[in-house]
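Inspection log for the structure reproduced underneath, given as structure tokens.
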Amino acid sequence: LPKSYLFTIFEEMAPPSALSNFELMVMLAVIRLDDQAYGVPITREIEETTDSEVVVGSVYAALTRLQERGLIESRLGEATAERGGRAKRYFRATSQGLREVRQTRRSLMKLWKGLSEVEGGRA
Amino acid sequence: LRHFRLLRLLERCGALDETVIGDLVEQVYQGRSSLWLWRQVWASVVINLFQKLFQGRDPMKRMAASMLLLLGVFLFGFWVGRTPLFVTGDPPPRLDEIRRPSRYLERVLIRREHYGTIEFLQSELNRARVEALRESTAESKQRVADLEKKLDAAWSFQRK
């Protein structure tokens, strides 16, 4: 295989289609927060759900990936004094993003179905 | 204020995005500690760098970054392998000894010296045991008992 073809294959490779666990959490937080979805409340929402500290950078990394895949879109908001004059970036799920979340939910529901070992029993 | 100056510097370097820093500053104003801030900042810088290098669209950049990472791991392993402090089975330095390497070296040298003593005593004990079996005199048995006591004492010092 010539070297140039190898790079072409890399370019043509489709990005992973399924949402990862963390990406799904971020997507759900964005949908839940609706028009108030920017970094701070998204991070809070995930922290409250998982009961553990979340790195803001990892939330933004997931948001960037989701945006590159067209699942969310963003717009710059107002700059406030408590942010040191820096602007907020608001996120919103696109219709494709909502479709993807529904699809992931369906797949997960199918996988969860009939698993008596994980339904309220002892670990 | 000192923190925010450093944050501005990181922003100008391109290590962190304006919105990420804005979110961090906002949370500090809402009562988060400076320890939390710096933990978040450095973790975010690493994640951002990793994302730029390994998840970018340019395959050449990704490959170059992977090669550099592999080379770095190899060189680190090579350095560790060549460093005499790490290849003798000596104990790792304690926190106070990391700050004062001379203290660590002193402990290592004393330990090695005693290890030499233990080896010597062990060989002497073996020889005395063979002798005691062959001659079976009270004197040779006493010598074995003495050497066993000395060896025990040396081991207990070594374990400290």
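As the structure is a prediction and not an experimental result, all values here were calculated from the model. So that the names make sense, note that chain A is the first sequence line, chain B the second, and so on, each numbered from 1.
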Sorted by number, residues from residues 24-40 of chain A in contact with chain B (heavy atoms, under 4.5 Å):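 At a heavy-atom separation under 4.5 Å, chain B is reached by A:Y38, A:G39, A:V40.
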Where do A:A79 and A:G85 come nearest, in terms of heavy atoms and distance? CB-O, 3.5 Å
Against chain B, work out which of A:V59, A:L76, A:V55, A:T64 has the most heavy-atom pairs shorter than 4.5 Å and name it. A:V55
Of the listed A:R89, A:K88, A:E53, the one with the largest count of heavy-atom pairs under 4.5 Å with chain B is A:E53
Quick one, B:R127 with B:E124, criterion salt bridge (Lys or Arg N to Asp or Glu O under 4.0 Å). Give me CA distance, side-chain angles, the key distance, then yes/no. CA-CA 5 Å; B:R127 205 174 298 150; B:E124 283 294 299; 3.0 Å; yes
A:R99 versus A:Q96, side-chain donor and acceptor atoms under 3.5 Å: no
Assess, by modelled atom type and distance only, whether the side chains of B:Q27 and B:D23 contain a donor and an acceptor separated by less than 3.5 Å.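 No, B:D23 and B:Q27 have no side-chain donor paired with an acceptor closer than 3.5 Å.
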Measuring heavy-atom distances to chain A, does B:I21 have an atom under 4.5 Å in its side chain, in its backbone, in both, or in neither?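 Backbone plus side chain of B:I21, per the 4.5 Å heavy-atom cut-off to chain A.
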Does any heavy atom of chain B fall under 4.5 Å from the side chain of A:V54, the backbone, both, or neither of them? backbone
Does B:W36 share a hydrophobic cluster with B:Y29, counting links as ILVMFWY side-chain heavy atoms below 4.5 Å and allowing steps through other members?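 Same hydrophobic cluster.
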So if you build clusters from Ile, Leu, Val, Met, Phe, Trp, Tyr with side-chain heavy-atom gaps below 4.5 Å, do A:L63 and A:L98 land together? yes
Is any side-chain N of the basic residue among B:E26 and A:R83 closer than 4.0 Å to the acidic one's carboxylate O? yes
Pairing of B:E131 and B:R143 as salt bridge, 4.0 angstrom limit: no
